[in-house]
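Comments concern the structure below.
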2 protein chains.
Amino acid sequence: MATDSPAVKRLPRAQRREQLLDAATRAFARSGYAATGLDDVAAEAGVTHVILYRHFASKAELYLAVLDRACARLSQDVGPSTGEFDDNAIPALLRAAAADPEAFRLLFRHAAREPEFRDVVDSVRSASAEIAHRHLREAIPAGPWQQWATQLVPALTLEAAIAWLDAGQPDDPVHAAQRISQAIEGVIQAASG
Amino acid sequence: MATDSPAVKRLPRAQRREQLLDAATRAFARSGYAATGLDDVAAEAGVTHVILYRHFASKAELYLAVLDRACARLSQDVGPSTGEFDDNAIPALLRAAAADPEAFRLLFRHAAREPEFRDVVDSVRSASAEIAHRHLREAIPAGPWQQWATQLVPALTLEAAIAWLDAGQPDDPVHAAQRISQAIEGVIQAASG
DNA sequence: TGTATTGTACAAGGTAACTTAAACAAGCTG
DNA sequence: CAGCTTGTTTAAGTTACCTTGTACAATACA
C-alpha cells in the first residue's frame, strides 16, 4: 500500500515564492500581523514553516513583501487614473479589489492600523487623501467640516468597496462606482450644509 | 538635597483600579491588544507592571475589563434611545464618543477586528446592525444592495463619529448628528437608485 | 507608636513564537 | 547516473513577554 500520490508538490523557486506570497496574503488578511503565526502562513501554503525561511529572512520581511506587492498592484491598477480623471478612479479601485479581495482587506482592514507598517501603506493612503482633498476643496467651505469630509470620504470609499465585495460584487464596477460616488456626494452635501 | 516631592502617588484600591482602566484604555487604543505590552500599560499609568497583577489576574482579564467597561458605558449612553427613537441615537453616540474618545477608538478601530475579543463588542455591533436593518428594510428593495447598505451604514456612522472627534468636535452633537444622518441618507439613496 | 495597605525593586520561572541547524528523501537536468 | 535543488522532519537556540515571588520603603490611619 504505497502512497501512489507523491504528496509532495515541488515548485521552481520563483513560482513557490509567489505562492507563498499568495498564501501569506490570505493568512494575514484574517487577523493581521501580530495575531498570525508563521505556522498559519505555512499551513495555508501547504508547506512547513521552515520553507518560509528559504525565501524570506524573517516574518517582518515576509509581511513587508506581501504589503509591497499588494500596494504595487493597487498603484498600478488605480494610479494611472488619479493624475487627471477622477471618474475612472473608483471603478479602477473596485476592479483592483475584485482582482485580489484578500489583499484589499489586508491593506485597509489591518495594515492601515498597524503603526509599525503604516508607512508602507501610506503611499496609497496619501494618494487617496490628496484626491479627496482636491475634490472637496472647491465643494466645501474651509473649516472643520471640510477636514471631516476629507477624512471621511476615503474611509467611506474603502468601506463601500469592501461592502461591495461582501455583497457579492453586484452589478459591474462602473455602475457600482456610480452608487459609491452618490454616497460620497451625500457626505459632501452633509459637510457643505 | 532630599527629594521634597514624594514622587510616589498612593491611591485607594478602587480608585487605582479605575486609573489603571483609564490608562489601559489609552494604551490599548494605540495599537490594540497584541501589540501593546503590559509595560506600556504600566508606563501609561505611572506604575510598575507588577502592580497590574494586584488588580487583574492576567493581561487578557485586564483587556476584557477595559472592553466591558467601555461597552457598558456606551450601552448606557446610547442604549435607551434604540428601543423606540432613532433621532436620538446618533447624538447619543456622539456624546458617548466625546465623553471617552480613547474608549471609542479602541472599541471600533481595534477590538472589532480582534477575533479573540470580537464577541465582547458584538453586543454593540449587533445592536447597531439591527437598527440599520430596521431602518433600511423599508427604504431599500431587498437584494445585494440592501445588504451593501446594511453593512455600510453602521461603518459609515462610526467612521463619521471618529472623523468628527478628529476634526475637534465642531458644532454640538445634535447638529453634527444631522450632518451624519444626511450622509447616511446619501448611502440609502445610492442603494435605492 | 504600630499595623495594614500601597508601591517599588529585583529576580526568576514559564511559555509561545520566531529563528536556525542537521540529516534525510525525492524530483529535475546535464 | 551525478549533482543540484526543493522539501521534510526533528530538534535545538533565541528572544520577548507574560507571570510570580521575595524583600523592602513609604504612606495612612487607629
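Here is the naming used below: chain letters follow the sequence lines, and residue numbers restart at 1 for every chain.
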- Item | Nearest-Å distance for atom pair CD/P, residues A:E61 and C:dC18 | 15 Å
- Task: In plain terms, say whether B:R26 and B:D40 are close enough for a salt bridge, that is, a side-chain N and a carboxylate O under 4.0 Å apart.
- Result: no
- Task: Starting at atom NZ of A:K9, determine the distance to atom P of D:dG7, rounded to an integer number of angstrom.
- Result: 12 Å
- Message: Taking any heavy-atom pair under 4.0 Å as a contact, classify B:T48: base, sugar-phosphate, or nothing.
- Response: sugar-phosphate
- Crowded around A:H55 NE2? As in, over 12 foreign heavy atoms under 6.0 Å? yes
- Here the distance between atom P of C:dC18 and atom OH of A:Y63, to the nearest Å, is 13 Å
- Message: Counting only side-chain heavy atoms from C-beta out, which of C:dT8, D:dG7, D:dT9 sits nearest to A:R10?
- Response: D:dG7
- Message: Among residues at least two apart in sequence or on other chains, which ones pass ring-ring contact (aromatic ring centres under 6.0 Å, His included) with B:Y63?
- Response: B:F28, B:Y33, B:F117
- Query: Expressed in angstrom and rounded to an integer, what is the separation of A:R54 atom CZ from C:dC18 atom P?
  - Reply: 19 Å
- To the nearest Å, give me how far apart CG (B:L11) and C1' (C:dG7) are. 11 Å
- Query: What's the CG-P distance between A:L52 and D:dT6, to the nearest Å?
  - Reply: 15 Å
- Note on the structure: Protein-proximity profile, nucleotides 16-21 of chain D, B/S/- by nucleotide at the 4.0 Å heavy-atom cutoff, equals --SBBB
- Message: When you measure from the side chain of A:R113 to the backbone of A:F108, do you find a donor-acceptor pair of N or O atoms at a distance under 3.5 Å?
- Response: yes
- Task: Measure from CD1 on A:I51 to P on C:dT20 and round the result to the nearest Å.
- Result: 14 Å
- Does A:E185 use its side chain to pair, donor to acceptor, with the backbone of B:A190 at less than 3.5 Å? no
- Item | Spacing between A:Q15 atom CD and D:dG7 atom P, to the nearest angstrom | 10 Å
- Just wondering, more than 12 heavy atoms not from B:Q76 lying within 6.0 Å of its CD? no
